[in-house]
Asker: 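Sharing a structure with you now.
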There are 2 protein chains.
Amino acid sequence: MPLRRRFSTEKGTDLHRCLVCDIRAQSVCSAIDDTELAILAQASKRLTLPPGTSVVEEGSPAVAFYNVTSGTVKLFKSLPDGRRQITGFADIGHFLGLTNAETYAFSAETVDTVQVCRFLRPQLETLLTDYPQFERRLLSEVTDELAEAQEQMLLLGRKTARERVASFLLNRMLPPASPNQTESEGCMVSLPMTRVDIADYLGLTIETVSRTISALRREQTITGTDNHGIRVLSVSRLTDLASGQTSGQNNR
Amino acid sequence: MPLRRRFSTEKGTDLHRCLVCDIRAQSVCSAIDDTELAILAQASKRLTLPPGTSVVEEGSPAVAFYNVTSGTVKLFKSLPDGRRQITGFADIGHFLGLTNAETYAFSAETVDTVQVCRFLRPQLETLLTDYPQFERRLLSEVTDELAEAQEQMLLLGRKTARERVASFLLNRMLPPASPNQTESEGCMVSLPMTRVDIADYLGLTIETVSRTISALRREQTITGTDNHGIRVLSVSRLTDLASGQTSGQNNR
DNA sequence: CGAGTCTTTGAAGCCTTTCAACCGAGGTGG
DNA sequence: CCACCTCGGTTGAAAGGCTTCAAAGACTCG
């Protein structure tokens with residue numbers, strides 16, 4: 001509390017924001033020392049965005065870089081006729097908007113209510129130059145991102161609909177809620193997005209996604225009536241499905 | 001020549017190698033000052049690899065980082081049953097093998113005769129730490145790589161076979177050989193890889209790739225009898241095709 | 001409770017794949 | 001020297017998985 005008062009009176013902004021940020025450890029911001037967090041807070045601005053808000057737009061000037069602190073943002077590219085490919089979902093701790101180009105090569109839109117920290121381009125540049133650990137951390141994040149993109153290319157180019165959906169559910173599986181959660185209870189899957197988004201992420205149609213999920217439910221691989229609350233019953237079976245290690249049966 | 005003698009006697013290795021490297025300007029190495037190139041040369045080793053050589057293998061320890069100085073390397077991921085997705089081609093000036101993980105998440109194999117400079121992991125780490133410009137340049141390269149990956153996801157997830165092949169040919173189009181080359185002569189396309197590789201890159205079968213290229217030839221959009229020597233006759237038509245801006249006619 | 005949105009399910013169609021045969025170039029060995 | 005084999009590529013015909021088109025069910029929110 002004393003901290004809050006001290007910092008917020010200092011310049012009118014809450015410079016302690018980054019200090020109390022509970023997801024800092026998971027993001028690029030963890031690269032900045034505790035003692036210099038005021039600089040980080042000064043370089044960025046926290047925004048709260050309602051669902052369906054456009055964060056960046058393909059082709060518009062790349063003026064800012066964002067760090068997601070809560071909620072989920074979808075990144076996508078579109079063709080002139082409206083076909084869309086979601087290239088990834090950025091959720092807690094992930095960044096978006098990094099580019100060498102003058103303009104963004106992709107669009108980004110919030111899936112649910114999202115909080116982001118926005119860094120304007122010049123301020124990001126300063127951070128990168130002044131804090132090598134920050135730059136290193138960012139390099140590490142982009143490298144991971146690239147590895148994920150390659151995995152997704154394998155999915156889009158070579159996997160069947162069943163394999164795609166199985167891979168997707170596995171990737172979005174949450175860690176067990178309690179440490180003593182039994183295997184039989186199954187793991188929850190985080191699905192804040194609609195079927196349209198899932199389809200555009202997996203390179204399928206909403207009908208195919210729906211049919212495939214229904215099939216998995218019928219086979220008792222997953223359960224959950226609520227569309228956004230699916231539970232995985234057999235992780236091992238889903239893992240096999242995801243990599244194509246399954247006899248061709250039960251495809252309906 | 002005096003340089004060669006001085007450096008090569010110094011430690012028995014050709015430390016001037018990087019100084020005379022004619023593609024340095026195009027690669028991450030351009031970030032290192034001329035005066036410190038000996039350090040770069042010491043940190044790396046140049047290798048010449050025949051076609052079909054495995055450079056890195058999915059799952060094996062990630063001990064090295066490579067910079068391609070000539071030729072083309074294909075990067076790919078595979079499924080247990082052998083299905084393969086080529087995630088990219090690394091040619092002159094591009095790097096490969098950067099990862100945060102203990103093991104590589106992809107494989108890489110030479111397409112033709114390839115020259116690479118190999119940096120072992122600890123030496124790369126040292127360079128990154130000692131030369132912030134080097135790290136910055138690498139960040140920039142990975143960022144570009146990620147943007148390309150997103151473009152490829154759009155292709156794999158949402159484009160038709162015709163659109164994929166058209167996009168591929170455009171991407172691999174070489175700049176006009178001579179500045180006064182007329183538009184009508186057409187641009188050459190660099191295709192060192194086989195149909196199998198093209199198919200695995202575009203998420204198609206070799207038959208579909210072959211049929212599509214034949215169709216483009218029949219329509220006079222491209223020419224060239226030699227499989228690895230294709231010439232684009234109408235860049236604008238190909239551009240329209242690549243983004244789906246074309247009436248559905250002439251698909252055969 | 002009704003309008004709109006999201007999802008599910010069914011049936012038909014189509015683009016790509018699969019299966020198969022053929023072609024041409026390059027290398028080999030009798 | 002040329003038959004023979006292999007390999008990469010092309011082409012044809014049939015099959016299949018996903019999409020498209022269509023309609024009904026389920027959920028949300030004022």
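Note on naming: letters A, B, ... go to the chains in the order of the sequence lines (proteins, then strands), and numbering restarts at 1 for each one.
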Asker: Return the 5'-most residue of the pair A:Arg158, A:Arg195 with respect to DNA chain C, ranking by each residue's nearest nucleotide.
Answerer: A:Arg195

Asker: When you compare the protein's N or O atoms with those of nucleotides 23-29 of chain D, which come within less than 3.5 Å of each other, and at what distance?
Answerer:
none

Asker: Over its full length, what angle do the end axes of the helix from C:dC1-D:dG30 to C:dG30-D:dC1 make, each axis taken from five pairs and the result rounded to 10 degrees?
Answerer: 30°

Asker: Can you list everything that forms a salt bridge (Lys or Arg N to Asp or Glu O under 4.0 Å) with A:Asp91? Sequence neighbours excluded, please.
Answerer: A:Arg172

Asker: Quick test of your reading: applying salt bridge (charged side-chain N to carboxylate O under 4.0 Å, His left out), list the pairs with at least one residue in residues 44-73 of chain A, sequence neighbours left out, ordered by first then second residue.
Answerer: none

Asker: Does a nitrogen or oxygen in the side chain of A:Arg162 sit under 4.0 Å from OP1 or OP2 of D:dC18?
Answerer: no

Asker: Under the side-chain contact (heavy atoms from CB on, under 4.5 Å) test, which residues partner A:Thr223, sequence neighbours left out?
Answerer: A:Arg231, A:Leu233

Asker: For residues 220-243 of chain A, which residue pairs qualify under ring-ring contact (aromatic ring centres under 6.0 Å, His included), counting only residues two or more places apart or in two chains?
Answerer: none

Asker: Counting only side-chain N and O atoms of B:Thr160, is one of them less than 4.0 Å from OP1 or OP2 of C:dC15?
Answerer: no

Asker: Can you list the residues that meet the side-chain contact (heavy atoms from CB on, under 4.5 Å) rule with B:Ala105, with sequence neighbours excluded?
Answerer: B:Lys77

Asker: Show me the protein contacts with nucleotides 18-22 of chain C, counting only N or O atoms at under 3.5 Å.
Answerer:
unit_1	atom_1	unit_2	atom_2	d
C:dT18	O4	B:Arg211	NH2	2.8
C:dC19	N4	B:Glu207	OE2	3.1

Asker: Mind checking side-chain hydrogen bond (donor to acceptor under 3.5 Å, both in side chains) for B:Thr87 and listing every partner two or more places apart, or none if nothing turns up?
Answerer: none

Asker: Taking ring-ring contact (aromatic ring centres under 6.0 Å, His included) as the test, write out the residues that go with A:Phe76, two or more places apart.
Answerer: none

Asker: With a 4.0 Å cutoff (strictly under), does any side-chain N or O of A:Ser210 reach OP1 or OP2 of C:dT9?
Answerer: no

Asker: Can you name the salt bridge (Lys or Arg N to Asp or Glu O under 4.0 Å) partners of B:Asp22, sequence neighbours left out?
Answerer: none

Asker: Looking at residues at least two apart in the chain, or sitting in another chain, which of them share a ring-ring contact (aromatic ring centres under 6.0 Å, His included) with B:Phe119?
Answerer: B:Phe65

